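Since this is a predicted model, take the numbers as computed values, not measurements.
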Amino acid sequence: MLTRRGLAAGLTALPFVNTRAQEVDFPDRPLRLVVGFPPGGPNDLLARVLAPGIGERLKRSVVVENRAGANGEIAAASVAKAPADGSVFMLASNGSTTVAAALNRNLPYDVRTDFAAVAPVGINPMLLVVRNDLPAKDIAGLLALARAQPGKLNGASAGAGGATHLALELFKALGKVDIVHVPYKGGGPAMADLMAGLVDLYFGGLSTALPHVKAGKMRALGQTSTMRSRAAMDIPTIAEAGLPGYEAAISYGIFLPVASSPALVNRLHAAIDGTIRSPDVARKFTELGADPQFGTPAEFAAYVAADLAKWAALARQAGLKVD
């Protein structure tokens with residue numbers, strides 16, 4: 001099952017039928033693994049870790065293609081319209097799939113009907129970090145402080161409608177607290193102002209926030225995933241530290257165009273799964289602040305549907321939308 005070694009814990013496992021996938025061949029030319037962000041970001045780095053192993057198992061060259069723009073939406077739209085012969089597939093986070101769909105009704109693709117979910121890849125928790133002189137020392141203390149001073153605390157984000165913003169909104173909704181949202185143009189400026197004491201809290205990517213925590217420039221109160229990351233086992237999850245049910249990690253998965261045959265889906269899934277189980281790949285994932293994920297195509301599809309439903313409900317409750 002898909003929790004942190006199986007992302008959709010609690011979902012009923014669906015059967016995985018191997019449709020004689022070994023008899024299905026991919027096109028005899030380089031395959032394109034499309035990423036919706038520039039080189040150097042988490043999506044791109046994970047794709048480049050995976051591409052060689054996938055190619056080795058499919059006996060094809062796999063080329064990472066960066067189609068940056070619009071929070072990954074340009075890439076997703078191109079893959080939705082790509083040939084369904086296995087020549088093109090996509091690594092995408094939930095930011096450009098389920099979160100984007102929850103906030104924007106005018107996307108040029110439909111995550112529910114335009115893609116075949118192939119495999120989960122990894123999960124990258126965020127850290128809830130606070131300025132060093134904030135009186136709250138843990139999640140329970142932060143909730144008590146926010147409830148005692150409605151509208152007094154402020155929470156930064158890397159931009160309205162993004163993962164760091166939604167992590168804050170989910171915290172507010174489940175904790176029943178009033179915290180003012182302060183959007184920034186990127187995570188760097190948000191963390192700089194947090195370290196300067198100009199904002200109270202921020203949900204930052206583990207790989208970027210943790211070095212500042214270790215350097216004593218900010219304090220971490222909790223992780224946003226359902227289980228502790230291997231990279232930060234000493235920091236509790238927000239759910240275990242005082243807010244049950246909280247989960248807002250950034251998840252990554254691989255998708256094919258929806259018309260791809262089940263045999264193609266299953267064969268690509270097997271190549272991805274085998275690659276992620278490599279100790280060397282798992283080590284590289286940990287270095288990037290991500291934990292490997294495993295699950296069948298059916299389980300991953302169920303997770304995508306559940307994630308979309310969660311963010312859509314939050315968007316309605318908080319009145320969030322992106323035009």
Side-chain angles (χ1 to χ4, degrees), residues 1-7 9-10 42 45-46 49 93-94 120-146 153 155-158 163-164 166-168 170-172 174-175 177 179 187-188 190-197 199-252 276 279-294:
M1 298 294 294
L2 289 164
T3 57
R4 286 255 289 155
R5 289 202 227 304
L7 209 86
L45 293 173
L46 289 175
V49 169
S93 73
N94 55 350
V121 167
I123 189 165
N124 190 347
M126 289 176 275
L127 288 182
L128 170 49
V129 288
V130 299
R131 55 183 171 85
N132 274 331
D133 58 348
L134 193 74
K137 303 302 181 185
D138 52 29
I139 295 297
L142 178 60
L143 290 170
L145 183 64
L153 296 181
S157 81
T164 59
L166 291 185
L168 171 63
L170 184 62
F171 186 83
K172 290 163 57 178
L174 293 182
V177 292
I179 297 173
M191 282 200 286
D193 273 9
L194 180 70
M195 289 184 280
V199 289
D200 298 309
L201 59 100
Y202 175 62
F203 288 84
L206 185 145
S207 59
T208 54
L210 189 58
H212 296 301
V213 172
K214 291 181 176 180
K217 297 178 180 179
M218 57 181 71
R219 288 187 289 112
L221 301 188
Q223 303 185 44
T224 63
S225 53
T226 56
M227 293 176 64
R228 300 186 188 194
S229 168
R230 298 174 184 174
M233 292 300 294
D234 57 329
I235 301 174
T237 68
I238 292 173
E240 69 179 298
L243 195 56
Y246 185 93
E247 190 271 326
I250 302 170
S251 59
Y252 302 90
I276 297 174
D280 184 55
V281 168
R283 176 184 57 78
K284 290 177 180 177
F285 268 43
T286 300
E287 291 172 356
L288 294 173
D291 287 334
Q293 299 300 300
F294 307 102

Student: Can a donor-acceptor pair be found, under 3.5 Å and without considering hydrogens, that links the side chain of T208 to the backbone of G204?
Tutor: no

Student: Quick one: closest heavy-atom pair of T164 and A158, and the distance?
Tutor: OG1-N, 2.8 Å

Student: Given the rule in the side-chain contact (heavy atoms from CB on, under 4.5 Å) test, do H212 and V129 qualify, once you have shown the distances and angles that lead to the verdict?
Tutor: CA-CA 10 Å; H212 296 301; V129 288; over 6 Å; no

Student: Going by the side-chain hydrogen bond (donor to acceptor under 3.5 Å, both in side chains) test, which pairs reach into residues 129-138, not counting sequence neighbours?
Tutor: R131-D133, R131-D200

Student: Side chain to side chain contact (heavy atoms under 4.5 Å, CB included) with A156: which residues, sequence neighbours excluded?
Tutor: Y184, A190, V199, Y202

Student: Among L134, I238, L201, L142, which one satisfies side chain to side chain contact (heavy atoms under 4.5 Å, CB included) with L221?
Tutor: L142

Student: I'd like to check R230 versus P292 (side-chain heavy atoms, cut-off strictly below 4.5 Å). Are they in contact?
Tutor: yes

Student: Flag the pair Q293 / D291 as yes when at least one side-chain heavy-atom distance between them is below 4.5 Å, and no otherwise.
Tutor: yes

Student: Taking all atoms of both residues into account, what is the closest heavy-atom pair of L127 and A220, and its distance?
Tutor: CD1-CB, 4.3 Å

Student: Looking at residues at least two apart in the chain, or sitting in another chain, which of them share a side chain to side chain contact (heavy atoms under 4.5 Å, CB included) with L174?
Tutor: L170, L243, Y246

Student: Any side-chain heavy atom of L288 within less than 4.5 Å of one from L46?
Tutor: yes

Student: So does I179 get a backbone contact from the side chain of K172, meaning a donor-acceptor N/O pair under 3.5 Å?
Tutor: yes

Student: For S207 and G289, indicate whether the former's side chain and the latter's backbone hold a donor-acceptor pair under 3.5 Å.
Tutor: no

Student: Let me see the working for V130 and M218 under side-chain contact (heavy atoms from CB on, under 4.5 Å), right down to the final yes or no.
Tutor: CA-CA 6 Å; V130 299; M218 57 181 71; over 6 Å; no

Student: Measure across L210 and A232 and return the closest heavy-atom pair with its distance rounded to 0.1 Å.
Tutor: CD2-CB, 4.3 Å

Student: Roughly how far, to the nearest 0.5 Å, is the CG atom of N94 from the CG atom of N124?
Tutor: 10.5 Å

Student: Partners of A239 by side chain to side chain contact (heavy atoms under 4.5 Å, CB included), sequence neighbours excluded?
Tutor: T237

Student: Test: salt bridge (Lys or Arg N to Asp or Glu O under 4.0 Å). Region: residues 234-251. Which pairs qualify, not counting sequence neighbours?
Tutor: R228-E240, E247-K310

Student: How far does CG of D280 sit from CZ of F285, to the nearest 0.5 angstrom?
Tutor: 11.0 Å

Student: Looking at side-chain heavy atoms only, is the closest gap between T224 and L128 below 4.5 Å?
Tutor: no

Student: Decide yes or no for S157 and L168: does some side-chain heavy atom of the first lie under 4.5 Å from some side-chain heavy atom of the second?
Tutor: no

Student: Salt bridge (Lys or Arg N to Asp or Glu O under 4.0 Å): which pairs involve residues 206-222, sequence neighbours left out?
Tutor: none

Student: Do P135 and L145 touch side chain to side chain, with heavy atoms closer than 4.5 Å?
Tutor: yes

Student: Just how far is it from atom CD1 of I123 to atom CE of M227, taken to the nearest 0.5 Å?
Tutor: 10.5 Å

Student: Donor-acceptor check, side chain of Q223 to backbone of S229, threshold 3.5 angstrom: yes or no?
Tutor: yes

Student: Do you know the tightest heavy-atom contact between A163 and M126?
Tutor: O-CE, 3.8 Å

